[in-house]
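All values below come from the heavy atoms of this structure, side chains included, with hydrogens, waters and symmetry mates left out. Order of the sequence lines sets the chain letters (A, B, ...), proteins ahead of strands, with each chain counted from 1. No experiment lies behind these values; they were computed from the predicted model shown.
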There are 4 protein chains.
Amino acid sequence: MKSKAAPAATARGGKKPGKAGPRGGPSVMAAKRSTHRRAGEITDAAAQVFAELGYHGATTQKIADRLQIRQASLYYYFPSKEVALERVCLQGVAGFFETAQAIASGPGRPPERLAGLMRAHISPILDRGNYVRVFLTQRQFLPNASRRRVGKWSRGLEQIFEKVIREGMRSGDFRGDLDPRLTALAILGMTNAVASWYGKENASIERIGGEFAALVLDGLKGPGRKARR
Amino acid sequence: MKSKAAPAATARGGKKPGKAGPRGGPSVMAAKRSTHRRAGEITDAAAQVFAELGYHGATTQKIADRLQIRQASLYYYFPSKEVALERVCLQGVAGFFETAQAIASGPGRPPERLAGLMRAHISPILDRGNYVRVFLTQRQFLPNASRRRVGKWSRGLEQIFEKVIREGMRSGDFRGDLDPRLTALAILGMTNAVASWYGKENASIERIGGEFAALVLDGLKGPGRKARR
Amino acid sequence: MKSKAAPAATARGGKKPGKAGPRGGPSVMAAKRSTHRRAGEITDAAAQVFAELGYHGATTQKIADRLQIRQASLYYYFPSKEVALERVCLQGVAGFFETAQAIASGPGRPPERLAGLMRAHISPILDRGNYVRVFLTQRQFLPNASRRRVGKWSRGLEQIFEKVIREGMRSGDFRGDLDPRLTALAILGMTNAVASWYGKENASIERIGGEFAALVLDGLKGPGRKARR
Amino acid sequence: MKSKAAPAATARGGKKPGKAGPRGGPSVMAAKRSTHRRAGEITDAAAQVFAELGYHGATTQKIADRLQIRQASLYYYFPSKEVALERVCLQGVAGFFETAQAIASGPGRPPERLAGLMRAHISPILDRGNYVRVFLTQRQFLPNASRRRVGKWSRGLEQIFEKVIREGMRSGDFRGDLDPRLTALAILGMTNAVASWYGKENASIERIGGEFAALVLDGLKGPGRKARR
DNA sequence: AATGAATGAGCCTTCATTCAT
DNA sequence: TATGAATGAAGGCTCATTCAT
């Protein structure tokens, strides 16, 4: 029922309504926007199905089902399943990196910046959970070219976390006996895991962010374990 | 190099056994326990392929290739790909739960027990990495029955962590304003993530265990929230 | 090229047991009997499974299951599934033809002989039901050579029925406006059908035989339908 | 000659439609009802192959061959081989039951009605022989659900025959010492058998129907058993 | 913008058969 | 006599993708 929206046009060459004609007709902007809207819905559906079933477990049929269109129609929006994955993955990290970089090189002492990074890392799960999940668990199935491209961003993120940790160690905000690399991985593991259970636990993104930041910051700051004995 | 080898030899009648007999294996003496050994090898190969490609991305052909046997031969050892996944998953958690329970209810103060749990959680990655990875990321594709069975163990593990955290809060070893559930999930996220990068980073399981335990324990113990402000 | 009928002997020049060794060894009779007993059980099992599932629906595994032996062991008793079918089919008509011929050319007037034929045709269903069923419905799947051989017997049987009917017409026992061929096929259809429901209906072979004979004989004899009006 | 035709054209991209496009069909005009027509042709082909080889002996490849389409294309028309069998079986009895019921409860004395039933039972063999044959010999291989559904019709038919026979006995048209059940089975056996040899014998459906009816009716009417002694 | 029809490629699984023991 | 291990050859079915409309 959703789908019947557009007259279907099948037979009866019925002018085919909305969506602006081929050549810069009346409203190009409108056309673009509406195309984009639909394209966004397609990618949303793909993200959801990929997130649920995994790239290889997903079928174009399942994606089409969710959109209430026919399977063949998908190919109007993307040229291949792989490209669909690529798009989902790209949107899964879109902005991530820039945001992180801005926070990392922004104002505030290392602890605050690290807390900011963590919150920024968790928050997209709220409104783009499926995209993030797909990026985290399915990007390995991208064709080589795009996997490497996307991989760069991941590694970049890790380094941003690492850098802030290093700065905190240098500044004395964090204790000096940390392994910055392992620590970054620990934090990222913790935050990434949120994507796998968020929605099943009743905790808001804000609470999770706060809790995690507190936990980690205290761990990093402390006078070290022996000091406490 | 794959199949073209033998010209098929028509049908009934002729047969041409040639081309590497059934068991071109090395040691005739070792043939006795071979059934068991072989079964183990089969599961190992399945674990490896499932870990690399995911359950749906894996093909029985790839598993057979790794074993240097024909694909059909796999079915002498397991009745279906799904069962193979189930076996891998079961071995992925085998002992996990019991070990964790023993540690949790064993001697020592909560911090020590929690550190023990973390180390015990990470250590199987060393010798059963593929099994653990498959369990962590592919168990969702098990048929309903076994997924539920296996799921119980996961949830059990979470509760063990949670319990020890609660005990630590009560005993005063950990600060009192923690959310035990979220904290458990944070720790498990951190440790589970190890499976995804162990081997790519040059850090031993021991060092990782130590580092993570320190990080977390200090975070839990901490000077409390006010110290942060 | 098909069946390898000849000695099979493959490896291990193993004497080839059954079927009376080349030279009259120690106890040919004993060997024969025991081999035969077992061989009979094997054929029974095959007949049963073929009857239930059809030749193509049957698997050697199912036959082995019924015998509580392993699938590979079957091949000690027959060289191929096709040969097993052939044996079952042969036993399905064994004696049939000779018996029928004896009855047809025996004493008695045509009606009695036809009744005898019908009874003889139905009776093997009692003790060899599966063999008969397989012969009737699965012989089409025999390899060409044996199918033709077996087919001869079927056609022979039809002709025997036809012949007796013709004799009855000539002798005046049956009315003269019959089509002997169609009549024979009608009778055979009726009697063959018994194999498909005998055991599900509560009627003994004797009663069926009597009832059918009465029905048919009265139909054949009568003064014809118009006479009765 | 089968598949090697097109060099596969690598993967994504190129594609080489050549080699008889999707629909190298004859008439473009006829394309409108093609879906329905095509579906009918598919079922026809399935019926033919099932009739010839049996359900288990048939392969979807053979069905596709007969239609000159690729095997995978079959699955555009039915979701599984089992469903194809179900459809064939359903068409094999379609109308059968209703027609029979109409005749049985229609006008005419029992003998005429029985003769009508027999003719109606034989006649579909003319234009739907394969469907009928498949229904008669392969319905046992239907999945449980549909087998039971279809089985009801068979049993219903038997009862219709039985009922008319009973009525004839009561009315005095048939003699009183019949076993109505066995008699019905005898008649059905006779008429069903036609499906197995019709086309090989040179007799028209009409002649067969007439001959059989005469044979049976006289048998049922007959001078009674004593006359036989 | 969407779809019906079709297809190539491949996957999981079954099965008859072999062979050394 | 019998079996464990293995395999070649299909067979049913799925799926991404194409293409004309």
Sugar-phosphate only, base, or nothing, as touched by Ala84(A) at under 4.0 Å among non-hydrogen atoms: nothing
Distance, rounded to the nearest Å, where Leu53(B) contributes CG and dG10(E) contributes C1': 15 Å
Whole angstrom value for the distance that separates C1' of dA16(F) from CD of Glu82(A): 11 Å
Distance in angstrom units between Phe78(C) CZ and dA2(F) P, rounded: 13 Å
5'-most by nearest nucleotide on DNA chain E - Tyr55(B) or Gln68(D): Gln68(D)
Minimum-distance nucleotide (side-chain atoms of Ser80(D) versus dG8(E), dA2(E), dC13(F)): dC13(F)
Ranges pairing with ranges for DNA chain F, where each run has three or more Watson-Crick or G-U pairs under 3.5 Å: E:2-21 with F:2-21
Touch class at under 4.0 angstrom, heavy-atom based, for Ala58(D) against every strand present: sugar-phosphate
Gap between atoms CD and C1', on Gln61(B) and dA9(F) respectively (whole Å): 14 Å
Partner set under ring-ring contact (aromatic ring centres under 6.0 Å, His included) for Tyr76(A), not counting sequence neighbours: none
Arg70(A) side-chain proximity, nearest of dT1(F), dA16(F), dT3(E): dT3(E)
Donor-acceptor pair present, Gln71(A) side chain and dA16(F) base, under 3.5 Å: yes
Nucleotide of dG12(F), dA9(E), dG4(E) approaching Thr59(D) most closely (side-chain heavy atoms): dG12(F)
dC15(E) OP1/OP2 closer than 4.0 Å to side-chain N/O of Thr60(C): no
Separation of dA16(E) C1' from Phe50(C) CZ (nearest whole Å): 11 Å
Side chain of Ala72(D) - closest among dG12(F), dG8(E), dC19(F): dG8(E)
Lys81(C) side chain to Ala58(C) backbone, donor-acceptor under 3.5 Å: yes
Separation of atom CG in Asp65(B) from atom P in dC12(E), rounded to whole Å: 12 Å
Any residue meeting side chain to side chain contact (heavy atoms under 4.5 Å, CB included) with Gln71(B), in chain and number order, not counting sequence neighbours: Thr60(B), Gln61(B), Ala64(B)
Verdict with supporting geometry, Glu82(C) and Arg87(C), salt bridge (charged side-chain N to carboxylate O under 4.0 Å, His left out): CA-CA 9 Å; Glu82(C) 256 174 3; Arg87(C) 287 197 193 148; over 6 Å; no
Closest to the Tyr76(A) side chain, choosing from dA2(E), dA9(F), dT14(F): dA2(E)
Length of the line joining Tyr75(A):OH and dT17(F):P, which is rounded to integer Å: 4 Å
Distance, nearest 0.5 Å, that separates CZ of Arg147(C) from CD of Glu86(C): 11.5 Å
Ring geometry between Tyr55(B) and Phe141(B) (parallel below 30°, tilted from 30 to 60°, perpendicular above 60°): parallel
Interatomic distance where CD belongs to Glu41(A) and P belongs to dA1(E) [whole Å]: 12 Å
Sugar-phosphate, base or nothing in reach of Ser73(D), heavy atoms under 4.0 Å: base
